[in-house]
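I have placed the structure first, in the form of structure tokens, so that the comments after it can refer back to it.
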Amino acid sequence: MTQHRRRRRDAARQVIRKRAVVAAAFVGTVALGTGVGVWASSDGGGGKPQAGARQSSAGRPAGTGADPGQAATEPASPRPTRSYPLSDAPRTIPAVRSHTPARGPGWQPQRGGRVVVGDAALADEGRLTAEELGLTYAGESDDVRAGDVRLALGGGGGNPESYTLTVRDGRVDISGPGEAGVFYGTRTLKQEVRGGGTAPEGVVRDQPAKPVRGFMLDIARKPFSASWIEDRIRELGDLKYNELGLHFSDDQAFRIESAGHPEIVSEDHLSKTEVKRIVALAESRHITVVPEIDSPGHLGAVIAAHPDLQLRNANGVATRGAVDISKPAAAQLVDDLLNEYAGLFPGGRWHLGGDEYQALTVRDPQASYPQLAAAARQAYGADGTVADLATGWLNDRAATVRAHDRTPRAWNDGFFRGTSVRPADDLQVAYWTGKEIGARPPVEYLDAGRKVLNYNDEFLYYVLGQPQTFVYPTGERIYEQWNPRVLRGTSAVPARYDGQILGGSFAVWCDIANAQTEEQVAAGIRMPLRATAQKLWDPGEPPLTWADFRKLADRLG
């Protein structure tokens with residue numbers, strides 16, 4: 001072989017070796033890029049393979065060079081790129097109402113990531129979100145960094161609970177016209193990360209259908225610990241509830257410390273310090289605590305300390321749980337309590353009860369309770385009735401809480417047909433049953449122009465021990481058959497009344513207190529609470545089947 005030919009051969013071999021090295025390096029880059037793309041977009045992050053892409057046994061699209069030994073001999077693109085499909089809508093409870101998909105890896109919390117706020121009013125939301133996602137709370141800041149979660153006030157529509165959540169360019173922006181809306185956006189982000197590891201690329205625009213989304217707890221018949229109530233508040237907050245009702249006075253017990261009337265307080269009760277802590281935690285989750293001191297019935301615990309105020313019939317027989325509303329001292333005692341607890345519960349709503357006053361469950365109230373009939377005639381003229389007197393009582397209590405800037409509500413069986421005294425116009429109807437004496441269908445209240453809250457006892461009443469005809473409600477039945485217009489039984493009122501129905505409340509009543517422990521109650525109401533949250537946020541056809549909804553709930557925790 002001549003020297004010239006030898007030099008040409010050696011040069012050719014050198015070129016081949018260089019090409020092989022370049023090809024191998026490129027294959028390694030593509031394999032790394034593909035791996036990162038799959039990781040960053042897993043579980044809802046918008047990174048599922050494009051439609052029609054063939055999967056290798058390693059989970060990578062075929063032809064990406066997953067096998068370096070084989071790929072070195074295949075042609076390679078000179079400019080490798082990463083491609084993402086359009087993102088899927090996030091899976092949350094309640095489901096978001098609008099999601100605009102986009103292409104991108106989504107967002108994941110990373111070490112060194114920050115939560116920043118555009119307004120000091122969002123500091124609580126910012127700190128909570130940072131703690132939950134393992135990020136650093138950086139306070140108010142205008143600079144922009146990759147990985148940030150930014151909370152801001154502004155934008156959105158007229159609903160103060162609406163929000164917009166945008167995942168783009170490796171960042172998350174949550175904004176809304178009010179602090180509550182921004183908070184709900186952080187709940188969506190938390191669930192996205194918890195459920196799939198990644199918040200999907202794109203824009204969520206969301207708002208609740210109903211302004212009242214409540215849970216009511218009977219702590220009068222069964223004492224619940226402050227820590228248990230606080231755990232429920234955290235659960236309610238993540239599900240975007242905005243109301244916790246506390247029924248703390250009934251025949252069995254009076255469960256909150258009182259400075260003005262310590263004689264009525266039961267041995268097992270919450271201190272005012274505990275209640276203040278409960279209220280503060282609820283406020284941090286944008287939940288209003290709504291107290292209920294039921295009257296003029298269900299006052300047995302108060303009467304036990306003041307037997308002279310108990311209602312008695314014409315034969316002198318005491319009437320269970322009822323105070324004698326012809327006695328000014330009864331009204332004074334209840335007003336004392338309403339005024340005292342107005343300072344403990346600062347929210348703008350108050351439940352006055354008004355249900356099941358036993359004087360109005362007998363055939364002839366005027367004959368059975370002549371002292372009430374006489375007081376009614378004195379107050380409202382010769383035709384005044386016991387029902388008039390009871391309506392006047394309710395109006396007077398409404399005036400007491402109204403003086404504290406509270407909006408009053410009462411149970412539907414506290415409103416009576418055919419009375420000469422009209423219940424106060426601002427009294428909202430908490431509709432729970434159609435089984436009372438003289439029951440009126442929900443449309444009668446709606447036709448009268450009243451605002452109504454849905455407590456439908458066939459779907460939303462979890463009554464311990466299942467007395468009478470009650471059965472424990474199931475999440476599946478609520479999810480598939482109930483919506484806020486189903487006020488009584490299983491039939492919905494016409495759609496024209498929808499704007500008068502403010503929302504609803506799932507309720508735990510403890511008629512047979514020891515039938516379940518706290519832990520059993522928490523487990524029993526878990527799925528009903530989630531189903532109710534979904535239907536109050538969006539009453540329409542749910543996006544998931546019940547089986548898939550339950551699986552999602554298990555994944556979100």
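Values in this document were obtained by computation on a predicted structure and should not be read as measured data.
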Self-check item: CA sep, side-chain torsions, deciding dist, call: His261, Leu333, side-chain contact (heavy atoms from CB on, under 4.5 Å)
Solution: CA-CA 9 Å; His261 289 280; Leu333 175 56; 3.2 Å; yes
Quiz item: Do we get Lys240 above Phe183's six-membered ring, with its NZ or CZ under 6.0 Å from the centre and within 45° of the axis?
Solution: no
Quiz item: What pair of heavy atoms forms the shortest contact from Arg312 to Gly316, and how long is it?
Solution: NH1-O, 3.1 Å
Quiz prompt | For Ala342 against Arg406, the heavy-atom pair lying closest together | solution = O-NH2, 2.6 Å
Exercise. Among Arg285, Arg349, Lys210, find the one that has a salt bridge (charged side-chain N to carboxylate O under 4.0 Å, His left out) with Glu243.
Key: Arg349
Quiz item: Are Phe254 and Phe248 near enough that their ring centres are under 6.0 Å apart?
Solution: yes
Enumerate donor-acceptor pairs with a distance under 3.5 Å from any side-chain N or O in residues 507-516 to protein atoms, sequence neighbours excluded.
{"residue": "Gln516", "atom": "OE1", "partner": "Tyr462", "partner atom": "OH", "Å": "3.0"}
{"residue": "Gln516", "atom": "NE2", "partner": "Tyr462", "partner atom": "OH", "Å": "3.1"}
{"residue": "Gln516", "atom": "NE2", "partner": "Tyr472", "partner atom": "OH", "Å": "3.4"}

Quiz prompt | Modelled atom types, side-chain donor and acceptor of Ser271 and Thr273, under 3.5 Å | solution = no
Quiz item: Going from CG on Asp335 to CZ on Arg397, what distance comes out if it is rounded to the nearest 0.5 angstrom?
Solution: 4.0 Å
Quiz item: Do the side-chain N and O atoms of Trp432 and Asp355 include a donor-acceptor pair separated by under 3.5 angstrom?
Solution: no
Practice problem: Taking the six-membered ring of Phe459 (Phe, Tyr or Trp), confirm whether the NZ or CZ of Arg477 is under 6.0 Å from its centre and within 45° of its axis. | Solution: yes
Exercise. For Asp336 and Gln332, test the side chains for any donor-to-acceptor distance below 3.5 angstrom and give the result as yes or no.
Key: yes
Quiz item: When you check the side-chain N and O atoms of Tyr497 and Asp447, is any donor under 3.5 Å from an acceptor?
Solution: yes
Quiz item: Can you tell me how far CG of Leu153 sits from CD of Glu179, rounded to the nearest 0.5 angstrom?
Solution: 6.0 Å
Exercise. Mind running salt bridge (charged side-chain N to carboxylate O under 4.0 Å, His left out) on Arg97 and Asp206 for me, showing each step along the way?
Key: CA-CA 5 Å; Arg97 304 187 74 181; Asp206 202 12; 5.2 Å; no
Exercise. Cation-pi check, Lys435 to Phe470: give yes when NZ or CZ is under 6.0 Å from the six-membered ring centre and within 45° of the ring axis, no otherwise.
Key: yes
Exercise. Taking the six-membered ring for Trp and the full ring for Phe, Tyr or His, determine whether the centres of Trp393 and Tyr357 are under 6.0 Å apart.
Key: no
Exercise. Taking atom types as modelled, find out whether Glu263 and His306 have a side-chain donor-acceptor pair closer than 3.5 angstrom.
Key: yes
